[in-house]
2 protein chains.
Amino acid sequence: MTEKQESILQAALKLFATEGYASTSTNKVAKVAGVSEGLIFRHFKNKEGLLNAIMGQSAAAAKAMMADVIMTNEPKEIIRKTLEIPFNIGKDEYEMWRLTYALKWQTNGYDSSGFDNVKLILRDAFDKLGYDDPAAEAELIFMFIDGAATSFLLHEPTNKGDILSSIKSKYNL
Amino acid sequence: MTEKQESILQAALKLFATEGYASTSTNKVAKVAGVSEGLIFRHFKNKEGLLNAIMGQSAAAAKAMMADVIMTNEPKEIIRKTLEIPFNIGKDEYEMWRLTYALKWQTNGYDSSGFDNVKLILRDAFDKLGYDDPAAEAELIFMFIDGAATSFLLHEPTNKGDILSSIKSKYNL
DNA sequence: TACATTTGTAAGTGATTACTCACTATTAAA
DNA sequence: TTTAATAGTGAGTAATCACTTACAAATGTA
């Protein structure tokens with residue numbers, strides 16, 4: 001990975017995340033990255049290839065976040081770690097996640113199938129804890145972490161700690 | 001409002017919601033609507049004006065949904081009605097909400113400040129019920145309805161009824 | 001050194017973009 | 001029926017789009 005290659009990725013991520021993929025021209029990416037426009041196509045083939053390179057990194061980061069949850073055995077620990085996922089997103093990852101969330105609404109949106117494994121594990125955890133409807137409870141958790149991540153990425157509320165406490169108390173954690 | 005004017009709005013909503021605002025050309029809108037491209041600019045001034053016309057309708061629909069909650073007095077009823085909001089979105093409103101949610105991630109995204117009134121009312125309701133941290137609880141509810149709406153609009157889960165039951169039970173409703 | 005590959009650029013390309021303009025068709029008041 | 005306003009069209013426009021191409025600079029490799 002060349003220096004210029006990385007600056008292209010960095011510029012593209014920033015622009016795609018803030019102004020949208022479709023509204024960002026390759027010309028602008030090149031200017032922000034400080035390279036010739038042609039270099040983008042040399043390295044990434046086309047605009048979509050550039051997006052794929054970025055989303056590849058994003059997918060790797062998402063996988064890393066879930067890895068910890070998947071390797072956990074204790075049911076309550078699984079639920080706690082899943083709930084904490086959105087609270088562990090670092091500021092330096094915000095652009096990446098903003099882009100990921102924005103692309104969800106595009107027709108050819110990137111799949112969130114990586115979360116399916118976690119959903120299964122969660123359902124199993126609720127099952128072991130004797131919950132009435134483990135499947136619904138797992139869905140509920142996912143709705144929360146999705147809503148929480150959205151809230152953090154868009155508004156950054158001040159009382160994140162209190163919110164985490166409140167949700168934890170609902171699962172006796 | 002002319003017939004052709006309405007077909008422009010209808011076509012634009014459909015295209016903006018499915019393919020994105022930036023990726024939809026006025027040329028395409030005109031073709032789908034079955035009108036000349038120039039007519040779009042006669043009626044809506046420019047592409048952004050067309051979007052504003054659509055989002056105006058969206059804002060009115062959102063206001064209507066919240067009106068019922070705002071006029072409620074009983075704390076538990078307020079919480080129940082707020083939780084049920086995403087479950088009451090009709091299929092015929094899906095395109096509108098998909099567009100609204102997609103635009104949230106754009107830099108010049110449309111404000112969700114209309115929900116601020118509901119948030120205040122919710123906080124008051126939790127306060128009256130003696131909850132430890134009413135503000136955090138209100139935020140929590142909003143995260144849920146946001147996550148639930150997202151889930152419904154993107155995946156349409158089968159067990160919506162069970163999910164509603166599960167969340168209600170957490171507030172003794 | 002010689003040669004081959006990769007990295008990078010600048011100046012293009014045709015297609016598409018949002019938008020305008022000159023014009024006609026329709027409607028509605030006088 | 002004349003007149004004025006609105007509704008609608010189709011052929012433009014300059015600018016911008018993603019992408020290509022011909023070529024030079026840098027880097028490896030024998």
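Letters A, B, ... mirror the listed sequences (proteins, then strands); counts begin at 1. Because only heavy atoms are used, hydrogens play no part in the values below, and waters and symmetry mates are left out as well, while side chains stay in.
Counting only residues at least two apart or on different chains, the salt bridge (charged side-chain N to carboxylate O under 4.0 Å, His left out) pairs with a member in residues 163-173 of chain B are Glu137(A)-Lys170(B), Glu84(B)-Lys168(B). For residues 4-31 of chain A, the pairs satisfying ring-ring contact (aromatic ring centres under 6.0 Å, His included) are Phe16(A)-Tyr21(A), with sequence neighbours left out.
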Between the protein and nucleotides 15-21 of chain C, are there any N/O to N/O pairs under 3.5 Å, and if so, what are the atom names and distances?
unit_1  : atom_1 : unit_2   : atom_2 : d
dA18(C) : OP1    : Thr24(B) : O      : 3.3
dA18(C) : OP1    : Lys47(B) : NZ     : 2.9
dA18(C) : OP2    : Thr26(B) : N      : 2.9
dA18(C) : OP2    : Thr26(B) : OG1    : 3.2
dC19(C) : OP2    : Lys47(B) : N      : 2.7
dC19(C) : N4     : Glu37(B) : OE1    : 3.3

What's touching nucleotides 24-29 of chain C from the protein side, N or O pairs under 3.5 Å?
none

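Each end of the helix from dA2(C)-dT29(D) to dA30(C)-dT1(D) gets its own axis from five base pairs, and the two axes differ in direction by 10°, given to 10 degrees.
Atom pair Met1(A):CE and dG8(C):C1' shows a separation of 17 Å (rounding to whole Å applied). Atom C1' of nucleotide dA7(D) and atom CD of Glu6(B) are separated by 15 Å, given to the nearest angstrom. Regarding Leu15(A), its CG atom lies at a distance of 12 Å from the P atom of dA18(D), rounded to whole Å. In this structure, the CD atom of Gln5(A) is 7 Å from the P atom of dT7(C), given to the nearest Å. Look at CD1 on Ile40(A): it is 14 Å from C1' on dT7(C), rounded to the nearest Å. As a whole-Å value, the separation of Leu39(A) CG from dA25(D) P is 16 Å. One interatomic measurement links the two molecules: CZ of Phe44(B) to P of dT6(D), which rounds to 16 Å at whole-angstrom precision. Across the protein-nucleic acid pair, Lys4(B) atom NZ and dT6(D) atom C1' stand 14 Å apart, rounded to whole Å.
One finds a side-chain N or O of His43(B) lying less than 4.0 angstrom from the OP1 or OP2 phosphate oxygen of dG8(D).
Under the side-chain hydrogen bond (donor to acceptor under 3.5 Å, both in side chains) criterion, Lys14(A) pairs with no residue at all, not counting sequence neighbours. Lys31(A) pairs by the salt bridge (charged side-chain N to carboxylate O under 4.0 Å, His left out) definition with nothing, not counting sequence neighbours. Residues passing the salt bridge (charged side-chain N to carboxylate O under 4.0 Å, His left out) test with Asp132(A): none are found, sequence neighbours excluded. Applying the side-chain hydrogen bond (donor to acceptor under 3.5 Å, both in side chains) criterion to Lys76(B), with sequence neighbours excluded, gives no partner residue. Remark: Glu3(B) pairs with no residue by the salt bridge (charged side-chain N to carboxylate O under 4.0 Å, His left out) rule, at least two apart or across chains. Taking Lys4(A) as the reference, nothing meets the salt bridge (charged side-chain N to carboxylate O under 4.0 Å, His left out) condition, with sequence neighbours excluded.
In this structure, of dG8(C), dT9(D), dA7(D), it is dA7(D) that holds the atom nearest to the side chain of Thr2(B).
A salt bridge is defined here as a Lys NZ or Arg NE, NH1 or NH2 lying under 4.0 Å from an Asp or Glu carboxylate O, and Arg123(A) with Asp127(A) fails to meet this definition.
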Kindly list each side-chain donor-acceptor pair under 3.5 angstrom involving residues 146-156 of chain B, sequence neighbours excluded, with atom names and distances?
unit_1    : atom_1 : unit_2    : atom_2 : d
Asp146(B) : OD1    : Tyr101(B) : OH     : 3.2
Asp146(B) : OD1    : Lys104(B) : NZ     : 3.0
Asp146(B) : OD2    : Lys104(B) : NZ     : 3.4
Thr150(B) : OG1    : Asp146(B) : O      : 2.8
Glu156(B) : OE1    : Tyr94(B)  : OH     : 2.7
Glu156(B) : OE2    : Lys91(B)  : NZ     : 3.2

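Within a 6.0 Å sphere centred on NZ of Lys28(A), heavy atoms belonging to other residues, nucleotides or ligands number 12 at most.
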